[in-house]
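Nothing here was measured: the structure is a model prediction, and the numbers come from that model. Just the heavy atoms: all of them, side chains too, but no hydrogens, waters or symmetry mates, feed the values below.
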Amino acid sequence: MPTPAGYRRIAEGRYREVVGLGYHELHEGLIIEHRPGRTITDADNVVMTTLGGNDAPIHTDARYSGLTEWGRPLVCSSITLHIVGGMTVRSTSGLTIANLGFEEIRFTHPVFVGDTLYAETEITDRRLSQSRPDTGIVTSRTTGHNQDGQAVVTFTRSFFVPVDADAVRDRTNY
């Protein structure tokens with residue numbers, strides 16, 4: 001029986017989900033559509049805005065925001081970035097040692113409670129690390145879309161990934 005896609009065989013009749021890709025799997029031009037989507041809830045907006053200390057009334061005061069051009073609270077942009085960025089981790093950087101940076105972050109359309117977000121990542125560059133011979137540096141461009149296909153956020157991210165992903169998976173029981 002062939003190994004199901006997205007899993008690796010660890011014993012006869014036993015498979016483990018694959019989390020993260022390795023350097024050799026993340027080639028330039030690869031595009032990954034991340035699933036599942038994530039519907040933004042009022043709890044997301046309230047809890048994450050409060051944790052971040054952003055008490056701007058456009059995010060937290062329904063009456064105030066109802067009198068703005070939006071007519072309702074906007075989801076805080078840092079929440080949008082966090083959720084869309086998080087959606088990419090399982091497939092792209094689940095085995096990462098560290099994020100190296102986020103750049104060119106743009107919020108291109110408002111996000112509201114009830115919107116469902118989806119993410120898509122393109123690998124734009126990769127190279128072997130000069131200081132860590134067992135590690136590669138991958139750069140990607142991610143776009144988050146809402147349920148209507150409108151881009152809501154774009155950003156570039158660079159992160160470390162192992163060159164030998166299977167060795168890391170074996171060592172860490174992943």
For [X] and [Y], which heavy atoms make the closest approach, and how far apart are they?
{"X": "I32", "Y": "S91", "value": "CG2-OG, 3.7 Å"}
{"X": "P73", "Y": "S65", "value": "N-OG, 3.0 Å"}
{"X": "Y118", "Y": "M87", "value": "CA-CE, 3.7 Å"}
{"X": "S129", "Y": "F160", "value": "OG-CE2, 4.1 Å"}
{"X": "I123", "Y": "L26", "value": "CG2-O, 3.7 Å"}

- Message: Checking I40 against V111 for the side chain to side chain contact (heavy atoms under 4.5 Å, CB included) test, could you report, in this order, the C-alpha distance in whole Å, the side-chain angles of both residues, the deciding distance, and whether it holds?
- Response: CA-CA 9 Å; I40 309 301; V111 174; 4.2 Å; yes
- Residues in ring-ring contact (aromatic ring centres under 6.0 Å, His included) contact with F155, at least two apart in sequence or another chain: F102
- Message: Counting C-beta onward and ignoring hydrogens, is there a side-chain heavy-atom pair between L74 and H59 closer than 4.5 Å?
- Response: yes
- Query: Hey, are the side chains of T142 and V84 touching, using non-hydrogen atoms and a 4.5 Å cut-off?
  - Reply: yes
- Query: Restricting to pairs with a member in residues 147-159, which pass side chain to side chain donor-acceptor pair (under 3.5 Å), not counting sequence neighbours?
  - Reply: T88-R157, T92-R157, S93-R157, N99-R157, E104-T156, H109-Q150, D115-Q147, T139-S158, R141-T154, R141-T156, N146-Q150
Side-chain heavy atoms nearer than 4.5 Å, only ILVMFWY residues, links allowed to pass through others: does that put [X] and [Y] together?
{"X": "V168", "Y": "V163", "result": "no"}
{"X": "V19", "Y": "Y7", "result": "no"}
{"X": "I105", "Y": "I79", "result": "yes"}
{"X": "L100", "Y": "I97", "result": "yes"}
{"X": "V113", "Y": "F107", "result": "yes"}

- Message: Is it the case that the side chain of T108 and the backbone of A151 share a donor-acceptor pair, with hydrogens and angles ignored and the cut-off at 3.5 Å?
- Response: yes
- Which residues pass the salt bridge (Lys or Arg N to Asp or Glu O under 4.0 Å) test with R8, sequence neighbours left out? D166, D170
- Task: Identify, with sequence neighbours excluded, every residue that meets salt bridge (Lys or Arg N to Asp or Glu O under 4.0 Å) alongside E122.
- Result: none
- Query: Checking side chain to side chain contact (heavy atoms under 4.5 Å, CB included) for the pair E120/I31: CA distance, chi angles, key distance, verdict?
  - Reply: CA-CA 7 Å; E120 178 178 296; I31 297 174; 3.6 Å; yes
- Message: What verdict does the side chain to side chain contact (heavy atoms under 4.5 Å, CB included) test give for R90 and E17, after you've listed the backbone C-alpha separation in whole Å, the side-chain angles of each residue and the deciding distance to 0.1 Å?
- Response: CA-CA 10 Å; R90 183 169 188 81; E17 287 181 278; 3.1 Å; yes
- Task: Any pair with a residue in residues 15-34 that passes ring-ring contact (aromatic ring centres under 6.0 Å, His included), sequence neighbours left out, goes on the list, sorted by first then second residue, please.
- Result: none
- Message: Show, in sequence, the C-alpha distance, side-chain angles and deciding distance for T124 and E28, and conclude whether the side chain to side chain contact (heavy atoms under 4.5 Å, CB included) test is met.
- Response: CA-CA 5 Å; T124 58; E28 283 184 51; over 6 Å; no
- With sequence neighbours left out, which residue pairs that include part of residues 63-87 fulfil the salt bridge (charged side-chain N to carboxylate O under 4.0 Å, His left out) condition? none
